[in-house]
Amino acid sequence: MCSFSKTPWLVFFPVYLTLFGCSQLESPLELELHDKWTFKSVEDSVWRPASVPGTIHLDLLENGLIEDPFYRLNEHELQWIDKKDWEYRTSFHVSREWLQKEEVELCFDGLDTYATIFLNGRSIEATDNMHRVYIIPVKHFLKEGENLLRVVFDSPIRRGIQKYDQLGYKFPDLGNDLAEIGKVEGQKQVSVFSRKAGYHFGWDWGPRLVTSGIWKSVELRSWSGFRVDELYVLQDILPDRALLTAQIQIDATPRCNGETVNVDVVVNENIRASMKHQLVAGKNEIEVPFEILQPKLWWPNGLGEQAMYNITVCVSSDNYTDSLKRRIGLRTIELVQEPDSFGTSFYFRVNGVPVFMKGANYIPQDVFLTRPTNRNYDFLLTSAEQAHMNMIRVWGGGIYENDMFYDLCDEKGLLIWQDFMFACAMYPGDSSFVNNVEKEAEHQVRRLRHHPSIALWCGNNENLSAWENWGWKDLVTAEQGALIADSMWRSYEKVFHEVLPGAVKKWDESRPYWSSSPSSSTGVTESMTEGDAHYWWVWWGKKPFENYTKAIPRFMSEFGFQSFPEFSSVQKYTASSDHDIYSEVMTSHQRSSIGNETIEEYMLRDFNPPKDFESFLYVSQLLQAYGVETGIAAHRRNRHRCMGTLYWQLNDCWPVASWSSIDYYGKWKALHYAAKKSFETLIISSEIVGSTLNIYVVSDSLQHAEGLLELSLMDFEGNQTDSWRDSIRVLANQSNVYFAINLGELSSKINFNESLLRATFKGENQRVLAEKYIYFARQKDLLLPEAKIDFTVEVDHDDYLLTISSDKFAKSVFVFANSPLNFSDNYFDLLPGSSKTIRIPHGRNTNFQNFKNSIEIRSLRDTYP
Ligand code: BMA
């Protein structure tokens, strides 16, 4: 579908017929043009089958012309693809009925990126922005019978170089700097000129594979009379009713000038408001007020239901009819920035309630954007929901996601921090660039504003920090002169302080606009006392994880640490001879300039050196989980100051060592299991201050919780040394210390290296509401016993139930089983003499015996030499 999603007429038609009895009316026609496409390089003569939507690399792969770009070093061999021009063509049949319509248009939902479109040999459009929709009136180019459609893509590199040469100066651009592989353009920075996903040019977690192609759907549409172009619902939510206004746009042809149409607003299946309107030729803008009494509100994940309403507008005249549907949620959202004792707050208030945001940063799921299926989208966002996230940040170096992504976020209660697609670079500000951005912003804001999940629009990712704090301004001034530096900053101001906020104000006024992440206000770099922060002193600055407990911002929109994918994933993109983190293949699938050495350095601070490659991968995941959960817990404990924690990053776009919590193949890393626990509504957390161990209970619930806090001190053999109990009332939406223990007193009773404190908060009927094992020594100093770990498996409907038991304490128990699906828990600690049952969905075609035979269990102790 084009810029909006229309009601499939066949679905809506029966309802409409029953409601209004308008069977003879003429409605718009739509035809998807996804068949019979072929492609070739412009200088070639052989046409080969192509997929639309698709991308050049996948077409070459499908035709056996290239090897899997993600396997071993194949990416390096494929850098010729983006230096060539490619063309695609198809033919389609047009009947007389189509040509009798007053308007016929060809609609490209997405072209990547420099395309010239030819219809029956005539050039009808040239494009230069993959984030825009192109709608071309084609009635006069079409003929009855077969029509030939051809799309020629210029090399994005060549077009970038042309722009660079015109301008003659260099824009700082991190993405482009990162990608050494395949760069023929020397020092010329080309990616910033193209309105194309920045990560295609390489990133510190992604390959350099610069695609071209018809990456979204193509459609022929025709209509006569009028068409409903837009429906947007303005909301004013009062305690007992929602006062709504349907803003409707109707496009009418001269034939309908002066004709009266009937406009009905339908909520779910009931007409709520009707009016008559006299059309004028061209655009008609109509507002229809209506109400929903006792509205069900839409809530973020964890706080309530995600109630949604289908709003349909039906417009009909004596001869024509059309309709358009939106699925909306009723809720208020505010970004609250008020002076307080720390500086200025930065939090989201949803339906009047301050909500602590828990989540992660999202990048595109594949470098080849047409590859992820609906199931992949559902899997990833379900994984976020299962980890109790309530916010995802769509990062600015990728794409504005497809409709399904936002529909799923609406359904799962995942709020979206939506960046505009600008990241880690300075961009041009000439009028053609700015115009292009204006059109992109209008299209995307109008497309996405219907979704209750969209919480905030953000101008860019890190452009401001890079300019002000990473030395870019000084570098440009020194290398290219103050005039060029000034002009770069003016371009920045034009795009991020004028054009983008202007588009949000015009099309989506109720939503906040934030000019750059991180920043403390418009044009002012980040601070720990206001705005949002990206804290990279851990990782880039090599500071200890403990720094997360000291550096508490108002809203943490990025922080993170890398790990490797698990061994079964690494096996998919390597040969066994590559199994060394410094092998050529493994280093090629590690794009951070400081990646392996940083993982190793941090690992030795907290863990013993792992005995082999496989153990290294596993310990790297434990390390990442430990680091990030330290940060999450600190942010949540300090929720009076910091009201959000979004770690970097949720997912991967190819198989690689990265900051992700879910690898490219969908395997949850230790971090994802840890995030699931750390983001629970109620958590127990601890902090040592001086010689006191403070036990916190943090609650994101809107209700207080009464219960018993039980603390049990034990050694690794299972002997209980001490215990405490206290009845407590955990206050709603707060973090507080509910118990304190003097460590000095403990030291006489236990050996810190072989003891732990089990803290449990129990509600009615002994139900465990939160639980945490607290350790007193670094993991490498724990005297882990050699535990005997056993398991049994049984089948329970669609799941396998795996019960794992251990005679002694076992740390970070990792279960591997031959299943593409993730488990209810993994990488968990087992208390001495205890057992734990985890659930593993068995998916399709899994044979019980094979599954059982595939099970392997390891714990941290097994990685010691
Ligand atoms: C963040 C992101 C990305 C980058 C990541 C890891 O700040 O915005 O640009 O991949 O750091 O370095």
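Every number for a ligand or one of its atoms is a count from 1 in the order of the listing. What you are looking at is a predicted structure, and each value in this text was computed from that prediction instead of being measured.
Taking the six-membered ring where the residue is Trp, Phe420 and Tyr513 present tilted rings, their angle falling between 30° and 60°. Ring geometry for His579 versus Phe613: interplanar angle under 30°, hence parallel rather than tilted (30 to 60°).
Between Tyr492 and Trp467 the shortest side-chain heavy-atom distance does not fall below 4.5 Å.
Within 4.0 Å of ligand 1, protein heavy atoms belong to Trp203, Asp204, Trp205, Trp395, Cys424, Asn461, Glu462, Trp536, Trp540, Glu558, Trp648, Trp659, listed by chain and number.
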Verdict with supporting geometry, Asp663 and Lys669, salt bridge (Lys or Arg N to Asp or Glu O under 4.0 Å): CA-CA 7 Å; Asp663 76 22; Lys669 293 179 173 177; over 6 Å; no
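With respect to Arg371 and Asp366, a salt bridge is recorded, a charged nitrogen being found less than 4.0 Å from a carboxylate O. A salt bridge links Lys542 with Glu597: at least one charged nitrogen is closer than 4.0 Å to a carboxylate oxygen.
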